[in-house]
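Heads up: the structure comes next, in C-alpha cells.
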Amino acid sequence: MKLRRFFPDLCLLGMILAATVLFLALRTSPAPDTETPQLDEPTHEATIQLRASGLDTFLQEGIDLNELIGQPLDTGDGTVADCYWTTYRTSVMTEDGETVFAADPVKRDLVIILSAQMPGDQPTYTLAGQEIRMGRGFFFSAGPLYLPMTIVGFEH
C-alpha cells in the first residue's frame, strides 16, 4: 500500500535522474570531427559605380578627388578606383507642359567607381555589408568622406 502511494514520485525522480545522466553523457562526449577543408572559392574583380546626385557647392568644396582615388573603404573590402564630377540634371516643365532635363549650374553629381574582389556566383552580392543591386542606396564611407549614394552600375 505504501509503495502505491510513492510510485508517481519514484517515476518522476527516475525520469529526472535519466535526463540528467543523458545530458551529462552528451555534454562530455567528444564532438565529432565535422570540420571540412575550406575550398578556395573563385573570386573575380567587380566594379561598382555609385552616384551622389545634386551636391551643393559647400559639399563639393570639401571633397578632394585626388585624395579619394586609391582610398580603401572603411571596411577594407574595396577601393576607390576612380571618381569624377558630372553635371547635375533635373527635370523641369516648360511653359507648354513638356518635361525636359535641364542642367543646374550650381549643383553637381559625384560619381565614384569602386573596385573589389567578390566570390563567384553568389545569389546576393555584398560589399561593405551592403547588398549590391542596381538603383539601391549605398552608404559610402572611405576616410573622411561619408555619403549616401545610389548604385548606378555593377559589373562582375
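These values consider heavy atoms only, across backbone and side chains, with no hydrogens, waters or symmetry-generated copies.
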- Message: Classify the ring geometry of Phe139 against Tyr146: parallel below 30°, tilted from 30° to 60°, perpendicular beyond 60°.
- Response: parallel
Do [X] and [Y] have side chains that approach each other closer than 4.5 Å (heavy atoms only, starting at C-beta)?
X	Y	result
Ser115	Thr79	yes
Val80	Phe140	yes
Asp56	Lys107	yes

- Derivation of the side-chain hydrogen bond (donor to acceptor under 3.5 Å, both in side chains) call for Arg51 and Thr86: CA-CA 10 Å; Arg51 180 181 293 260; Thr86 62; 3.2 Å; yes
[X] and [Y]: which non-hydrogen atoms are nearest, and at how many Å?
X	Y	value
Pro72	Ala142	O-CB, 3.5 Å
Gly78	Ala116	CA-CB, 4.1 Å
Leu127	Leu114	CD2-CD1, 3.9 Å
Met118	Tyr125	SD-CD2, 3.7 Å
Val152	Met134	O-CE, 3.0 Å
Leu110	Met149	O-CE, 3.6 Å

Atom pair [atom1]/[atom2] of [X] and [Y] - distance to nearest 0.5 Å:
X	Y	atom1	atom2	answer
Ser53	Asp109	OG	CG	4.0 Å
Cys83	Asp64	SG	CG	8.5 Å
Glu98	Met93	CD	CE	10.0 Å
Gln49	Thr150	CD	OG1	11.5 Å
Ile69	Ile113	CD1	CD1	9.5 Å
Gln60	Phe58	CD	CZ	9.5 Å

- Check Leu65, Leu68, Ile48, Leu147 against Ile112 for a side-chain contact (heavy atoms from CB on, under 4.5 Å) and give me the one that passes. Leu68
- Item | Path from Trp85 to Leu59 over hydrophobic side-chain contacts below 4.5 Å | yes
- Query: Out of curiosity, does Phe154 fall in the hydrophobic cluster containing Leu73 (side-chain heavy atoms, cut-off under 4.5 Å, transitive links)?
  - Reply: yes
- Query: So Val92 and Val100, side chain to side chain contact (heavy atoms under 4.5 Å, CB included) or not? Walk me through it.
  - Reply: CA-CA 6 Å; Val92 294; Val100 297; 3.8 Å; yes
- Which residues pass the side chain to side chain donor-acceptor pair (under 3.5 Å) test with Thr94, sequence neighbours left out? Asp96
- Item | Between Arg108 and Thr57: side-chain donor-acceptor atoms closer than 3.5 Å | no
- Query: Taking atom types as modelled and ignoring hydrogens, do the side chains of Ser141 and Asp74 form a donor-acceptor contact shorter than 3.5 angstrom?
  - Reply: yes
- Message: The criterion is salt bridge (charged side-chain N to carboxylate O under 4.0 Å, His left out); which residues satisfy it with Arg89, sequence neighbours excluded?
- Response: none
